Novice: 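I have a structure here, written as structure tokens, and I will follow up with some questions on it.
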Amino acid sequence: MDGEGRRIAFGSRCHYCQSSPVFRHYAARITERLAERYAGHPALAMWHIGNEYIGFGCHCDASVTHFRRWLADRYGTVEALNDAWGTAFWGQRYDSFDHVGTPAARSRTVSGPNPGQLLDFARFSDAAALECYRAERDIVRRHTPELPVTTNFMGSFKHLDYWRWAAEEDVVTLDVYPGPQDQEGPLLAACNFDLMRSLRGGKPWLVLESATGRNLTDVRNHARPAGQLRPRSLQAVARGADSVMFFQWRASRAGAERFHSAMVPHGGTRTRTWREVTTLGKDVARLAELSGGVRDRADVAVVLDWESWWALEGPDHPANDLRFTDRLLDHYRPLWDANIAVDFVRPHSDLSAYRLLVVPNLYLVDDAGADNITEYVRAGGHLLMSYFSGIVDEHDRVRSGGHPGAFRDLLGIEIDEFAPLRPGETCGLRHAGHTGTAVEWQDVIDLAGAEALAAYTDGELKGGPAVTRHRFGTGTATYLGTSPDRETLRRLVLDCVTGAGVTPAPATPEGVEAVRRRAADGTEHLFLLNHTTDEVTVDLGSGLSQPVDLLADDPQIAATGRLRLPPYGVAVVRDVPRNQP
Amino acid sequence: MDGEGRRIAFGSRCHYCQSSPVFRHYAARITERLAERYAGHPALAMWHIGNEYIGFGCHCDASVTHFRRWLADRYGTVEALNDAWGTAFWGQRYDSFDHVGTPAARSRTVSGPNPGQLLDFARFSDAAALECYRAERDIVRRHTPELPVTTNFMGSFKHLDYWRWAAEEDVVTLDVYPGPQDQEGPLLAACNFDLMRSLRGGKPWLVLESATGRNLTDVRNHARPAGQLRPRSLQAVARGADSVMFFQWRASRAGAERFHSAMVPHGGTRTRTWREVTTLGKDVARLAELSGGVRDRADVAVVLDWESWWALEGPDHPANDLRFTDRLLDHYRPLWDANIAVDFVRPHSDLSAYRLLVVPNLYLVDDAGADNITEYVRAGGHLLMSYFSGIVDEHDRVRSGGHPGAFRDLLGIEIDEFAPLRPGETCGLRHAGHTGTAVEWQDVIDLAGAEALAAYTDGELKGGPAVTRHRFGTGTATYLGTSPDRETLRRLVLDCVTGAGVTPAPATPEGVEAVRRRAADGTEHLFLLNHTTDEVTVDLGSGLSQPVDLLADDPQIAATGRLRLPPYGVAVVRDVPRNQP
Amino acid sequence: MDGEGRRIAFGSRCHYCQSSPVFRHYAARITERLAERYAGHPALAMWHIGNEYIGFGCHCDASVTHFRRWLADRYGTVEALNDAWGTAFWGQRYDSFDHVGTPAARSRTVSGPNPGQLLDFARFSDAAALECYRAERDIVRRHTPELPVTTNFMGSFKHLDYWRWAAEEDVVTLDVYPGPQDQEGPLLAACNFDLMRSLRGGKPWLVLESATGRNLTDVRNHARPAGQLRPRSLQAVARGADSVMFFQWRASRAGAERFHSAMVPHGGTRTRTWREVTTLGKDVARLAELSGGVRDRADVAVVLDWESWWALEGPDHPANDLRFTDRLLDHYRPLWDANIAVDFVRPHSDLSAYRLLVVPNLYLVDDAGADNITEYVRAGGHLLMSYFSGIVDEHDRVRSGGHPGAFRDLLGIEIDEFAPLRPGETCGLRHAGHTGTAVEWQDVIDLAGAEALAAYTDGELKGGPAVTRHRFGTGTATYLGTSPDRETLRRLVLDCVTGAGVTPAPATPEGVEAVRRRAADGTEHLFLLNHTTDEVTVDLGSGLSQPVDLLADDPQIAATGRLRLPPYGVAVVRDVPRNQP
């Protein structure tokens, strides 16, 4: 049942309530029977539980009961809940957990819902889905303790905290569906691939589903251009995947996905798609030596915290259209463009090995997370943090005393007013001789130890600081008080990269991605992926001992160290010295 | 109850469930009483059952029960239903008809609904409405077997298959409401008028409702400009109507349509509207000799199939904003512009008398329909078919082996990929020295016997075929793989017209419509309708024996054969030789 | 329960049904306890009942029952209701009040709802809210008969007829929240302030809530620019308020309004906001002599009638996007720009003291209201009325005989057709040598005694009257048949102002507001409010006896009579001769 009180209907998919005891009973029974039947079957290599869990926030009676129990477990007393949610405001105080409901959809509240209730319902819905996964996992493990268990993730998917989910899996698996015409498809995919690798500390992961061609997600769904399948697929291997798999083998004649692409299209094996799929199979076989192994930790880490994401996109903020993944990509893009390897981390992760920590819009952070980041900088780490960070505690309660409450001392600034720009409005800003523009947000920053790194050139805050830097302990904390244009943000990010002592990789032509992957035996491989429809030449530099392109029929690379990539071409070069990309 | 589970409320109109036994019981009782009372009444000339049936797809319990019974009648076994709908996909298999529901609104399904279920629900909702009509018709027929029975159609209205409805009527009647300011009003009306005439093989039909002026359908509803009523009304007579009637006689003071126009407006009989209505009455009296008679079959037929329409506009397609009536009008417009008479037909109609068959986007077709079209061409017919035709069978299941499954041999092409253009995106194409643009759709066409008639001039498919032609049997099959701009499509359609040996009627000035109608006694009449606010002159050509303008006070037409039409003027010329428009 | 049948949920606010006997029982009990407890408390100065009543139109069973009782009281017999609502149309006749429901949301009616039912439901929902207020007011009055009682209004808020509410209050209080970045904020506020003052005949009123800075109403919610708080707050005092109060004292850490501005922000008392609030407190203390007193009647009155507003914005009109407050502001703006004082009145008010009566779009008016306005003009009053006025009676039934039924004789015109312009469409019009443009609406006007004051310069009605004037009795009635651009409307309104003998106040620079307020002792004060970020100079003219700026540290105004206002500056000048602004 959704937040409007509408019961989800049978006839599509995902028509189940994850809190329903009846659903759980029969799901367990089916799992038990399947495990009994297939345990010991020679073709059984791995268990895949469920499909694309979505953490559907159900509002039926069973879900309400389950939510109350979850809250009672979390808070112990209803007074603790009242305090966490601030129910004194608007007369929402509860006398009993039995009076608490799930947060209704906006259409069923005259004003906005309680932010604490919303946040806890997001946590609960995630937790209830994970319980479903665990229950089925435990059953198959009992039958086949030797086999790995997984469920397929959907990249930076909002409703599930994959940090918690990955810890319950034996291997991380991903469904990846950037559209064939999405200009930023390779960027989005790279970001998701890095996340998958990071979720279990660099271990190999698997592409469980991708599309040979057309998705059905848009109004108009284009075929995949000839040749594009190769770089899009091998990009995953470059970033740590040990497989490339597709949904679906043969195109379905009927059902909702009858026009979704497949390995064998409606036209059969005489089609271009089938030819490209078989070629890809041969490519992967040539890369067998890469399988396994754990990726080195990168020099740069980016914080992705699901609870902060949920709270950031909650209602009643100074700006109500902030989208976390947009801001995340803003920060990831210049690193990807410069072929700089990135790991994802949480606020509580061990940060000591990283030279630079990038923290996009970490609205919510608890004291432990804030302390961890603060101590990282004090001990010499370099931080780049952007606006509306450190504002609230773990209950979405504003940290008193001025913003950004959790990081005021660390950043050496005080913010009393937020001055978001109107949709479409821009403001000029100047940084190190470069003039750019800013959108969406402006903090009114008072310097309290920090220095201004960039200043506004017009508008209400003209001359005021847009970007600041603070020496803190033996590290530095750089703060972005607005959302700059791409070129300006690129300069700021690379300034931090340089300041942190991260050596940028040599540049590749635009649209050409260079990624290093280390094999289980420690050998380095450089993936060069041409995402464009132009032929390009990449300079590998000198000093290569015995470079070999694993995908080429004639694998020896000419003494020039220059590599030609045809449109959509890929090369995988073994034996690259460390000072190369 | 709608697909979101909301019960439709009393207080407006159409608040009935067409599957409700209670509703049907009382509807029958009222009908019985009315028929008893008025049978034999001297003013009773015809029965009009219901009003603007809409085939509301109800989702209440009674409707669900009725739908199950309808499915059981259609499929016999639940296995046949599972096979037709492809329920194996997404785990939707049914064990009993008692488990099947109506397809919920998109808001109540997490992913899309089953396409087969959607299509059958459209068929069922149409059938249930027709049952209601038939039940009442049978009652009044019992009382007055000598009187005709009808219900008012709404032109190219999506939810009712008027081919099936017209077969149950004694006379076809139409409600027609193009807005006074709609630039394409005359085109839309002409298309609907031709459809009405075609539904019963060219027999005369009636305008049951039209507006003297303002509708209430838009945000801003303009009055009808002075004089426009005349050509808009007589246009229906030109295309086979034997009446022009209006809703409403006197404007209602209260109720939802108190600002809808009327024959007698709120201002009474001193108004311009009343004067124009009375003038029109005199015009119609002058045309009495035209009443009755059956229109000749036209040389050109256009396929309009409701089941294909329903399926085409279903979800989860390569392009999800295709609108059948837009594409239909694209093909009808150039024929109308050139004053070429058109009949509408179904895929299963007897096509032998037509020189050219136009088939816009016939996504769904069963084997019999596909065979009928194929044999038409083989026997010498000329075909113009457009993209996304022949793709699925009658259950919306993709025809295997490559697209367009039903017409691959006929068209001499193979299509493995659809490459729809993005909204707003255009692509150049070149045909016979003319360069135009295309939007919405592109097929990736492999020629397999056909020749390219037009090719793309840029984009991913540059140089590839956009339009093809195939000699098949003794006919030709022309295929449009995209949606060209109006001028290009006009050239392509007229190329087919010429190729099929259809003589285009002489041109009239833009906005002036020329239509021939044959009276019951075989006399030919030429309607000339000036839809513009300019005075125009039409050249009737030489060779007229004794031309007379039935509407003129001095009906003799000057020897010059030239006729002057004032703004919004109309002439009805008797005795026009066959080689005139 | 809303009109879609969704029950409003607990967890936000306003989750009550104003017709529920259970709610009313407990609301009364709580009120009784509070009154018992605080009666006689030294800090108790006034009772504030409820908070921002919204007149929520509830659709639950209790509300349906209540609505039926209310209708039975209003109409006596169900036949009277059938007649008022015109239920004969579309077969909606009721046999009993027990069959009548509340009007469902548009999503639950296939066509539009009954206009009479909609209008009565708006009246009923307003009345039910007022019953709730009165019940609680009566309880506290019993305990503390000496103390005033109020509830906070929301300016020109659609759902409550504040004329009726104000009559039940001891003092009018207002919540006012124009956004800091709203360019028209001061205009909107002035209009609402004048309305508050008018609701009880010029008596002082109170600002009960306003914002020191950020609201949370928009997608992006900007901080208040430095200094803007002062003129925005003192503007209320200028227009008759005896207080400036804020929501909220200290910013809440949790809850939906945790980012709403406060007197003490999250940053505490070191913030700019706190400093501006304390300065404002000192300003208000300096204006103590102004407290109390009743404002003179203005020379110009504007009609604001809630019932007509409700009906105007109902469905199924020739133009369905008319917004009453937009048109109201169109007429108020030029008066405000020219510093002309305005009162608001109802159609039934005593109008005799006014020189000019402005009537924007009074769609609905009963006979008594129409007669009152007609007699006002006959007796020498000057009227400016705009289109779609006088069309329907109090039941939303069209007045027969031609439009505008209630004012045809008064205006000396006849209108049989409305010709609204399409969204985005404009038409030229010419008035007294000035050429402007019109949008939204055009009446097709036949002169029947009136003369044309402005005519259309193009389009279908080219040369026809756009604005008319009719000498009637000893007064004049000017009629606007369209919606002119701002400059044209300014000229037309000022033409009426001049014709009515209203002396325009001397001009102030753009964005600078001049308002006179009379103290209880009869002394005149001139408020000068600079809403801009520029320094400006205002010429007070000569002839001032002893001008003093109450807010200045050095209150004497230089002999020049010129006053300098810094950005966002305010001056309150005592002793201004009557011929000054």
Side-chain angles (χ1 to χ4, degrees), chain A residues 1-2 4-16 30 51-52 54 56 58 105 107 179-182 212-226 228 248 250-262 264-275 533, chain B residues 3-6 83-92 99-118 315-321 391-393 395-403 405 414-423 425 440-442 444 460:
Chain A
M1 184 177 287
D2 72 9
E4 298 221 35
R6 292 178 298 212
R7 205 166 282 277
I8 300 307
F10 185 86
S12 172
R13 57 175 172 175
C14 305
H15 37 255
Y16 65 93
I30 292 169
N51 177 50
E52 295 186 348
I54 55 174
F56 180 73
C58 183
S107 59
Q181 288 197 302
D182 188 338
T212 61
R214 183 177 47 239
N215 293 334
L216 292 174
T217 46
D218 291 326
V219 171
R220 308 266 175 91
N221 299 288
H222 203 88
R224 195 180 286 285
Q228 195 199 60
Q248 48 197 334
R250 198 184 196 322
S252 316
R253 284 194 61 206
E257 299 196 79
R258 66 210 182 288
F259 290 105
H260 193 289
S261 57
V264 182
H266 291 297
T269 54
R270 63 161 173 70
T271 57
R272 169 172 67 75
T273 294
W274 174 250
R275 287 193 302 274
T533 52
Chain B
E4 297 221 35
R6 293 178 299 211
D83 181 55
W85 292 5
T87 56
F89 191 77
W90 280 2
Q92 297 171 352
H99 297 169
V100 183
T102 57
R106 189 66 184 77
S107 59
R108 289 181 55 224
T109 58
V110 179
S111 292
N114 181 293
Q117 185 184 16
L118 276 181
D316 297 312
H317 284 154
N320 289 303
D321 55 353
I391 303 298
V392 297
D393 69 11
H395 299 300
D396 202 347
R397 294 182 304 201
V398 177
R399 291 174 176 275
S400 288
H403 313 299
E414 283 180 351
I415 296 169
D416 289 318
E417 298 283 359
F418 308 120
L421 294 159
R422 278 165 289 207
E425 193 184 4
E440 187 172 271
W441 189 274
Q442 291 185 305
V444 184
E460 204 179 303

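By convention in this document, chain letters (A, B, ...) are assigned in the order of the sequence lines, proteins followed by strands, and residues within each chain are numbered from 1. Remember, it's a predicted structure, so these values are computed and weren't measured experimentally.
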Novice: Does the separation of the ring centres of B:His403 and B:Phe418 fall below 6.0 angstrom?
Specialist: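 For B:His403 and B:Phe418, the ring centres are under 6.0 Å apart.
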Novice: Taking only residues two or more places apart in sequence, or in another chain, which ones meet A:Asp218 in a side-chain hydrogen bond (donor to acceptor under 3.5 Å, both in side chains)?
Specialist: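 Once residues adjacent in sequence are excluded, A:Asp218 has no partner under the side-chain hydrogen bond (donor to acceptor under 3.5 Å, both in side chains) criterion.
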Novice: Can you tell me which of B:Pro115, B:Gly112, B:Gly402, B:Ala319 forms the most heavy-atom pairs within a distance under 4.5 Å of chain A?
Specialist: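 Among the listed options, the one with the most contacts to chain A is B:Pro115.
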Novice: CD1/A:Ile8 to CZ/A:Phe56 distance, rounded to the nearest 0.5 angstrom?
Specialist: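 Between atom CD1 of A:Ile8 and atom CZ of A:Phe56 there are 4.0 Å.
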Novice: Sort A:Glu52 into side chain, backbone, both or neither according to what part of it lies under 4.5 angstrom from a heavy atom of chain B.
Specialist: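 For A:Glu52, neither part sits under 4.5 Å from chain B.
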Novice: Relative to chain B, which segment of A:Glu257 carries a heavy atom at a distance below 4.5 Å: side chain, backbone, both, or neither?
Specialist: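 For A:Glu257, the contact with chain B is made by backbone and side chain together.
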Novice: Under a plain distance cut-off of 3.5 Å, with no hydrogens placed, do B:Glu417 and A:Thr271 share a side-chain donor-acceptor pair?
Specialist: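 Side-chain D/A pair, A:Thr271 to B:Glu417: absent.
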Novice: So does A:Ser261 get a backbone contact from the side chain of A:Thr212, meaning a donor-acceptor N/O pair under 3.5 Å?
Specialist: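 Looks like no, no N/O pair under 3.5 Å.
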Novice: Go through B:Gly405, B:Gly401, B:Gly91 and name the one with the most non-hydrogen pairs under 4.5 angstrom from chain A.
Specialist: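 Ranked by contacts with chain A, first place is B:Gly401.
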Novice: Report yes if the side chains of A:Pro180 and A:Arg214 come closer than 4.5 Å at any heavy-atom pair, otherwise no.
Specialist: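 No, side chains not in contact.
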Novice: Please classify the contact of B:Pro318 with chain A as side chain, backbone, both or neither, using a heavy-atom distance under 4.5 Å.
Specialist: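 It is both, since atoms from each part get that close.
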Novice: Is chain A contacted by the side chain of B:Asp416, its backbone, both, or neither, given a heavy-atom distance below 4.5 Å?
Specialist: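 Answer is side chain: those atoms of B:Asp416 sit under 4.5 Å from chain A.
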Novice: Using a cut-off of under 4.5 Å for heavy-atom pairs, which of B:Gly116, B:Gly101, B:Ala419 has the most such pairs with chain A?
Specialist: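 Of B:Gly116, B:Gly101, B:Ala419, B:Ala419 has the most heavy-atom pairs under 4.5 Å with chain A.
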Novice: Against chain A, work out which of B:Val392, B:Asp396, B:Leu118, B:Thr109 has the most heavy-atom pairs shorter than 4.5 Å and name it.
Specialist: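 Among B:Val392, B:Asp396, B:Leu118, B:Thr109, the one with the most close pairs to chain A is B:Asp396.
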Novice: Checking heavy atoms, do the side chain of A:Pro225, its backbone, both or neither come under 4.5 Å from chain B?
Specialist: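 Both parts, heavy atoms under 4.5 Å.
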Novice: First locate atom CD of B:Glu460, then atom CG of B:Leu421, and finally report the distance between them rounded to the nearest 0.5 Å.
Specialist: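 Reported value, rounded in 0.5 Å steps: 9.5 Å.
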Novice: Please find the pair of heavy atoms, one from A:Met1 and one from A:Arg7, that lie closest to each other, and give the distance.
Specialist: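 Heavy atoms only, the tightest pair is CE-NH2, 3.2 Å.
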Novice: Name the region of B:Trp90, side chain, backbone, both or neither, that has any atom closer than 4.5 Å to a heavy atom of chain A.
Specialist: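 For B:Trp90, the contact with chain A is made by backbone and side chain together.
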Novice: Can you tell which of A:His15, A:His260, A:Gln181 has the highest number of heavy-atom pairs within less than 4.5 Å of chain B?
Specialist: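 Top count of heavy-atom pairs under 4.5 Å with chain B: A:Gln181.
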Novice: Taking atom CZ as the centre, does A:Arg253 end up with more than 12 heavy-atom neighbours from other residues, nucleotides or ligands that are less than 6.0 angstrom away?
Specialist: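 Yes, enclosed.
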Novice: With only heavy atoms counted, which part of B:Gln117 is less than 4.5 Å from chain A, the side chain, the backbone, both or neither?
Specialist: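 Only the side chain of B:Gln117 comes within 4.5 Å of chain A.
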Novice: Which bit of B:Ile391 comes within less than 4.5 Å of chain A, counting heavy atoms only: side chain, backbone, both or neither?
Specialist: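 Looking at B:Ile391, just its side chain touches chain A.
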Novice: I want to check something: taking the side chain as every heavy atom from C-beta on, are B:Asp393 and B:Arg399 in contact at a cut-off of under 4.5 Å?
Specialist: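 Of all side-chain heavy-atom pairs linking B:Arg399 with B:Asp393, at least one is under 4.5 Å.
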Novice: Most heavy-atom pairs under 4.5 angstrom with chain B, which of A:Ala251, A:Gly268, A:Ser252, A:Gly255?
Specialist: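 The residue among A:Ala251, A:Gly268, A:Ser252, A:Gly255 with the greatest pair count is A:Gly255.
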Novice: Among A:Glu4, A:His266, A:Arg6, A:Arg13, which residue has the highest count of heavy-atom pairs closer than 4.5 Å to chain B?
Specialist: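 Ranked by contacts with chain B, first place is A:Arg13.
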Novice: For chain B, find which of A:Gly11, A:Gly213, A:Ala254 contributes the most heavy-atom pairs closer than 4.5 angstrom.
Specialist: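 When all of A:Gly11, A:Gly213, A:Ala254 are compared, A:Gly11 has the most.
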Novice: Would you call A:Arg220 and B:Asn320 a side-chain contact if the rule is heavy atoms closer than 4.5 Å?
Specialist: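 A side-chain contact under 4.5 Å is absent here.
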Novice: Mind ranking A:Ala223, A:Cys14, A:Ser12 by heavy-atom pairs under 4.5 Å with chain B and telling me who comes out on top?
Specialist: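 If we count pairs closer than 4.5 Å to chain B, A:Ser12 comes out on top.
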Novice: Quick check on A:Arg258 against chain B: is it the side chain, the backbone, both or neither that has a heavy atom closer than 4.5 Å?
Specialist: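 For A:Arg258, heavy atoms of backbone and side chain both lie under 4.5 Å from chain B.
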Novice: Could you go through the salt bridge (charged side-chain N to carboxylate O under 4.0 Å, His left out) check for B:Glu414 and A:Arg270 one step at a time?
Specialist: CA-CA 11 Å; B:Glu414 283 180 351; A:Arg270 63 161 173 70; 3.8 Å; yes
Novice: Checking B:Ser107 against chain A: side chain, backbone, both or neither under 4.5 Å from a heavy atom?
Specialist: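 Both the backbone and the side chain of B:Ser107 come within 4.5 Å of chain A.
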